[in-house]
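Here is the structure we will look at.
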Amino acid sequence: MLKNPVWAALAGPQACFAEAAGDAARYSPEIAPFAALRDPADPAGWRDLATITDHAVLTGPSITPPAGWETTEVLAGVQMIGQSMTGVDDPDAVELTEADVPEMLELVARAQPGPFRKRTIDLGRYLGIRDTGGRLVAMAGERFRLPGWTEVSAVCTDPEFRGKGLGARLTLAVAAGILARGELPFLHTVHDNENAIRLYGRLGFEHSGDVVFASFRRTATA
């Protein structure tokens, strides 16, 4: 499942968020840009994908599209799992709701953690930390949810507040909620973000494999 987490999520616990056709599925664009194939090596899945979108972002160990699709961007990443870690609740963390989405989007624009859209919050629990004036300055939450696993995502801190450990605290707090449900946390980060990889390692996450985040565009009838 962890080698094809988006498919495991959209064909499983998050099927309610899926736009699906045969062996292909994607999240609603307002939720996330990701799509998935049951088997990325099977051209039939790509034909199914073509019935629901002309553009797709897929993730996995390696993805080569068939004729009729072209790769437009590839971002190397790593997947890390918290199979033996311990989460820690944070008394300063507040649960974020739909009313907080405009402020969450503003924080994402400043901190650039990766894809986060106006309905991403529908995917799971998000926590934030506010400064003394009440401004949201850090957040983290849950994105892909598959059987037995939930991804920690959108970990970000306002540039003015970095170096205070807020991201680490929120990562552990989100992981605590996942573990309390009897699930295990995992996460992704880009391959060259050595600081993040070291931080997540100190928190108890272990490297489980290399992945790519690849964007594809349909160029002809697929």
Taken to the nearest 0.5 Å, the spacing of Met1 CE from Phe144 CZ works out to 14.5 Å
Check residues 27-38 and write down every donor-acceptor pair under 3.5 Å in which the side-chain atom is one partner and the other belongs to a residue at least two apart or another chain.
residue	atom	partner	partner atom	Å
Tyr27	OH	Gln14	OE1	2.5
Arg38	NE	Asp23	OD1	2.9

ring-ring contact (aromatic ring centres under 6.0 Å, His included) pairs touching residues 162-186, sequence neighbours excluded, are Phe186-His188
Sorted by chain and number, sequence neighbours left out, side-chain contact (heavy atoms from CB on, under 4.5 Å) with Ala196 holds for Thr189, Asn193, Tyr200
Group every Ile, Leu, Val, Met, Phe, Trp and Tyr by side-chain heavy-atom contacts under 4.5 Å, then state whether Trp69 and Ile52 land in the same group. yes
Backbone N or O of Val212 within a donor-acceptor pair of the Thr59 side chain at under 3.5 Å? yes
Are any of the side-chain heavy atoms of Lys118 and Leu105 separated by less than 4.5 Å?
yes
Heavy atoms of Leu58 and Ala56 approach each other most closely as CD1-CB, 3.5 Å
Would Leu123 and Val6 show up in the same hydrophobic cluster when neighbours are defined by side-chain heavy atoms closer than 4.5 Å?
yes
For Leu2, is there any backbone N or O sitting under 3.5 Å from a side-chain donor or acceptor partner on Gln79? yes
Closest heavy-atom pair, Pro61 versus Lys3, reported as atoms and distance to 0.1 Å, is CD-O, 3.3 Å
Value for OG1 (Thr219) from CG (Asp54), rounded to nearest 0.5 Å, stands at 10.0 Å
On a heavy-atom basis, the closest approach of Ala154 and Phe116 is CB-CD1, 4.1 Å
Heavy atoms of Leu127 and Ala173 approach each other most closely as CD1-CB, 3.7 Å
Taken to the nearest 0.5 Å, the spacing of Leu49 CG from Arg218 CZ works out to 9.0 Å
Pair Glu142, Thr150: side-chain N/O donor-acceptor within cut-off below 3.5 Å
no
Practice problem: Kindly indicate whether the side chain of Leu184, heavy atoms from C-beta on, has any atom under 4.5 Å from the side chain of Leu179. | Solution: yes
| query | How about Pro185 and Val174: do any of their side-chain heavy atoms sit closer than 4.5 Å? | reply | no
Heavy-atom nearest pair, Pro5 first then Leu146, reads O-CD2, 3.4 Å
Output for pair (Leu107 CG, Gln112 CD), nearest 0.5 Å, gives 10.5 Å
For residues 66-75, the salt bridge (charged side-chain N to carboxylate O under 4.0 Å, His left out) pairs (sequence neighbours left out) are Glu70-Arg217
If you apply the rule side-chain contact (heavy atoms from CB on, under 4.5 Å), what do you find for Leu172 with Met85, and how did you get there?
CA-CA 9 Å; Leu172 289 172; Met85 70 176 297; 3.7 Å; yes
Q. What's the verdict on side-chain contact (heavy atoms from CB on, under 4.5 Å) for Met139 and Val108, showing C-alpha distance, side-chain angles and the deciding distance?
A. CA-CA 9 Å; Met139 75 175 194; Val108 166; 3.4 Å; yes
Discussion item. Check this for me: does any side-chain nitrogen of one of Arg130 and Asp100 sit under 4.0 Å from a carboxylate oxygen of the other?
Written reply: yes
Apply side-chain contact (heavy atoms from CB on, under 4.5 Å) to Lys164 and Arg169, showing your working.
CA-CA 10 Å; Lys164 302 178 183 294; Arg169 289 166 53 187; over 6 Å; no
Are side-chain heavy atoms of Val190 and Phe213 found at a separation under 4.5 Å?
no
For Gly201 and Met80, the nearest pair of non-hydrogen atoms, with its separation, is N-CE, 4.0 Å
Exercise. Mind checking whether Val155 and Leu187 sit in one hydrophobic cluster, side chains of I, L, V, M, F, W, Y counted as touching below 4.5 Å?
Worked result: yes
query: Is a side-chain N or O of Thr72 found less than 3.5 angstrom from the main chain of Ser215, in a donor-acceptor match?
result: yes
| Below 4.5 Å, heavy atoms only, C-beta onward: do Pro66 and Arg47 meet side chain to side chain? | no
Residues passing the ring-ring contact (aromatic ring centres under 6.0 Å, His included) test with Phe17, sequence neighbours excluded, are none
- prompt: Ile129, Leu96: one ILVMFWY side-chain cluster at the under-4.5 Å cut-off?
  reply: no
Separation between CG (Asp122) and CD (Glu98), nearest 0.5 Å, reads 7.0 Å
Checklist entry - Mind checking whether Leu166 and Val94 sit in one hydrophobic cluster, side chains of I, L, V, M, F, W, Y counted as touching below 4.5 Å? => result no
Report, as yes or no, whether the 6.0 Å neighbourhood of atom CD on Glu194 holds more than 12 heavy atoms from other residues, nucleotides or ligands.
no
Minimum side-chain heavy-atom gap His191-Asp210 below 4.5 Å: yes
Residues 74-114 vs ring-ring contact (aromatic ring centres under 6.0 Å, His included), sequence neighbours excluded, gives none
